[in-house]
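Every chain is numbered from 1 and lettered A, B, ... according to where its sequence line falls, protein lines coming before strand lines.
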Amino acid sequence: MSVLLDIDGLKVVFESRHGDVTAARNVCLSIASGEILGVVGESGAGKSTIGNAAMGLLERPGKVAGGTVTLEGERIDGLPPEAMRRLRGAKISMIFQDPLTSLDPLRTIAEQLVTTMTTHLPLSEREARKRAVALMHEVGIPDPEARIDDYPHQFSGGMRQRVVIALALCAEPNVIIADEPTTALDVSIQAQILDLLRKLVRTKGAGMIIITHDMGVIAEIADRVAVMYRGEVVEAGPTRKILGDPDHDYTKSLISAVPRPDVKLDRFPLVEHIESAGSRRSLDLKTHWLGQKRDYGALDGPLLSVRDLEMTFRVGSMFGGGRRSVNAVDGVSFDIAAGETFGLVGESGSGKSTIARLVTGIYQPTGGAIVFAGTDLAGITRRRELNRHRRQMQMIFQDPYSSVNPRKKVGAIVAEPILFHKLAGSRAEVNRIVADLLDHVGLGAKVAGKYPHEFSGGQRQRISIARALATRPRFLICDEPTSALDVSIQAQVLNLLKDLQAELGLTMLFISHDLPVIRQMCDRVAVMRRGRIEEIAPTEDLFERPQNEYTRHLLKLMPKMTGAAA
Amino acid sequence: MLSFIARRLGLAALVALTVSALSFGLLFLSGDPASAIAGEGANDADIAAIRSFYGFDRPVIVQYGDWLWSALHGDFGQSYYFQLPVSSLIADRLSVTMTLGVCGIVFALAVAIPLGVAAAVRPNSIVDRLALFLSVVGQAMPSFWFGLLLIVLFAVKLGWLPPSGTQSWTNFVMPTVVLGYYAMPAIMRLTRAGMLEVLGADYIRTARAKGAGEWRVLFKHALRNAVIPVVSLAAVQMGFMLGGSIVVESVFALHGAGFLAWESIGRNDLPTVQALILIFSMFYIVFTFLADILNAWLDPRMRTG
């Protein structure tokens, strides 16, 4: 095995007015042919910077400030742009994270593949087209002759990622850098893509660097791993050794924070080395605002009961043809008992989020009943009447970056639901409650005067949680609350949710595509597929003794990272 | 693609029909048209005679159908003021306005798009600042003032270009620049903003990663994506130029359709105003339709919509 790419002592800095920021220092990596090297770390660790630096694609003001990059025996750092351009795609190429945005929407697949081949290889258009068809076949796109003239939007996400891979392979490079190649995909698609990548590397004798935050992906595919933390490789070695018996403290705690699929723990182990959240004080519900005026009558039976829920979307234009119906939710029934955490799990498009929107009243269902605390919400048309019930249920959204208004101060964001539902008598009281809530989610009262952009993703999710708590809800809907977060931050946020639930006696509908997270968080789980529920069972039963075929299929695809080091 | 065109065409026809009804209704907006034509001090017999001469005594729907049918055949009736067929009156003026409008938009696009691209490639550079300066000036300076400045310099001082009239192509140089410069800033800013956004897109990074040259990245991938909203804007501005270039037409004494509209409103010459409104609206409808088709050609995702 010959060394294809060797990165030695690489240092990358981003120049700024306030001095240089070092994004990577003293990074040494190498890959041989037929080998897959995993680079793992959390956001901001400098993983992608390394990939971009090797490709000569660092965006200004980033630049390589030291070290060497050697490709097949020749130094390529510091090459003039034109020489570097000729290498890109031909000798070293890249696969990107988001297949939905990585392809030019206005060009057919044929155009994109053929021009890349004719740029780098001495081929005529016809020869290139023939090879493009063969390549599409190789990456598993069915019926390539017919589909090669389609546009990217005519392909599904998984198929588009195959096109992106074909694009990276089409000029036969020896080194492929895959930057989070499966992060945007469903688990079943992820398994297929990883399979494909492994096969391609083995058969073509190429070398691959796979950059990811996901330990499961590393366990699945990498031969060797380099763990990055704050711009440095803290530990590197064979995958089995790093995942099974890591030496470095950071690696140990990182692995322990990965939600375990195999056994339910009371709390998530926290990662050292990361941003510290202020400690939370426990509170006395009898005297605390959050405990007061919880004017909910006694309840027998479930808190939420969903019966034969249906939601049909009409798609297509108002004029002419192309109009059809999509059954996003198709006859779904489930009950959630007070104090319970009920999980909804499924792949994208299975209707999970639609259910959340129906329950909160963002959508009006086209059929069925949503009985909340004894009242059918689907039957209520008067807004004021609905708001009275809505106050009791709040939602926490997936993307902490876009679900808080960037122009408002944190204090105002948290205060809004209190003002809207008129839960406080005076401005001073509102401010006191807001301060208390922010303190309670571990941010501290002082942050009320700051803007959301001053916070990290995990902190913003705490802001969302404070906002959700501001109406003193009894029911919390969490729609993928941590899927945009790093594992260490995820562990903190999920622990916070668990604590709050225990303290306030909250009932939760917890939506996630992530089975290990579901196992750690939920009491009962419903598995969804194409708008229908395939199976409902207590969490442990579902994981240990799945009854349904599709459930078994999903569980089989679940990453095998068990966090043995913990 | 064909069904897309058919659908858009149907929609355009619907809009055109609505507009024609509205502009026909204009006739009755200012009260009884017959007494308006007869003028003050006319007796009832005169008004009745005028009413039956122009057919105002027939049911409105019949009048509308009749008017529309004639309009479709290019007959917009007689101008009250000139006592000439409106169609021949307009045809004359329209050729001036259309020449000016087409030259104006071509000039605007030819300046704005390259400038917008250059500004976006190097944001905050000298080129970007210069483009910003030019567009602020273009937006701030009234076109009659800019027109007068040009006349003073090129017609009076240097004597290179004629100050007014429509005798030769040289007469159109200064009006084109004035009209085009007025439309340029918005197109330039939209091109720049679009390019900046597109250049940050993932597929541009993909293009670079597969070794595409900078030229190819900029023009084959980025510009085509960025220009889509510009097409819609240019269509609206084109319609605006054809209908609303009254100021420029006055400054350069070009007797175009905009000028005629302005005059006819003052003279209460309703058939002429009606016809002009209808024609100006048709321009908007046609350009919007063409822009939709062009966008659908540029962007495959729109073809289904």
Enquirer: Distance from A/E82 atom CD to B/E214 atom CD, nearest 0.5 Å?
Expert: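 With rounding to 0.5 Å, CD (A/E82) is 10.0 Å from CD (B/E214).
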Enquirer: For B/A212, is it the side chain, the backbone, both or neither that has a heavy atom under 4.5 Å from a heavy atom of chain A?
Expert: backbone
Enquirer: Applying side-chain contact (heavy atoms from CB on, under 4.5 Å), run through B/T206 and A/M94 and close with a yes or a no.
Expert: CA-CA 8 Å; B/T206 307; A/M94 207 157 182; over 6 Å; no
Enquirer: What part of B/R205 gets within 4.5 angstrom of chain A, counting heavy atoms only: side chain, backbone, both, or neither?
Expert: both
Enquirer: Crowded around A/M84 CE? As in, over 12 foreign heavy atoms under 6.0 Å?
Expert: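 It does: A/M84 CE has more than 12 such atoms within range.
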Enquirer: To the nearest 0.5 Å, what is the distance between NE2 (B/H221) and CG (A/D104)?
Expert: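 Result: 5.5 Å between the selected atoms.
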Enquirer: When heavy-atom pairs shorter than 4.5 Å are enumerated against chain B, which of A/T119, A/L57, A/I92 gives the highest number?
Expert: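 Going by pairs under 4.5 Å, I would pick A/L57.
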Enquirer: When rounded to the nearest 0.5 angstrom, what distance separates CG in A/L106 from OH in B/Y203?
Expert: 6.5 Å
Enquirer: Do the side chain of A/R107 and the main chain of B/K220 share a donor and acceptor less than 3.5 angstrom apart?
Expert: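 Yes.
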Enquirer: Select one option (side chain, backbone, both, neither) describing which atoms of A/E111 are under 4.5 Å from chain B's heavy atoms.
Expert: neither
Enquirer: If you tally heavy-atom pairs under 4.5 Å against chain A, which of B/S3, B/G213, B/A222, B/A207 wins?
Expert: B/G213
Enquirer: For A/S102, is it the side chain, the backbone, both, or neither that has a heavy atom closer than 4.5 Å to a heavy atom of chain B?
Expert: both
Enquirer: Just so I know, are the side chains of B/R216 and A/T115 near enough to count as touching, which here means a heavy-atom distance under 4.5 Å?
Expert: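 Yes - at least one pair of side-chain heavy atoms lies under 4.5 Å apart.
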Enquirer: Other residues, nucleotides and ligands only: do more than 12 of their heavy atoms fall within 6.0 Å of CD on B/Q139?
Expert: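 Correct, the count exceeds 12.
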Enquirer: Counting distance only, does the side-chain N/O of A/R88 pair as donor-acceptor with the main-chain N or O of B/R208 below 3.5 Å?
Expert: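 Yes, the answer is positive, given that a donor and an acceptor are paired below the 3.5 Å cut-off.
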Enquirer: So with a 6.0 Å cut-off around CG of B/L72, is the heavy-atom count from everything else above 12?
Expert: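 Result for CG/B/L72: enclosed.
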Enquirer: Might you point out which heavy atoms bring B/P300 and A/P105 nearest each other, and give the distance in Å?
Expert: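 It is CG-O, 3.5 Å.
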Enquirer: Is B/I228 close to chain A through its backbone or its side chain, or both, or neither, when contacts mean heavy atoms under 4.5 Å?
Expert: side chain
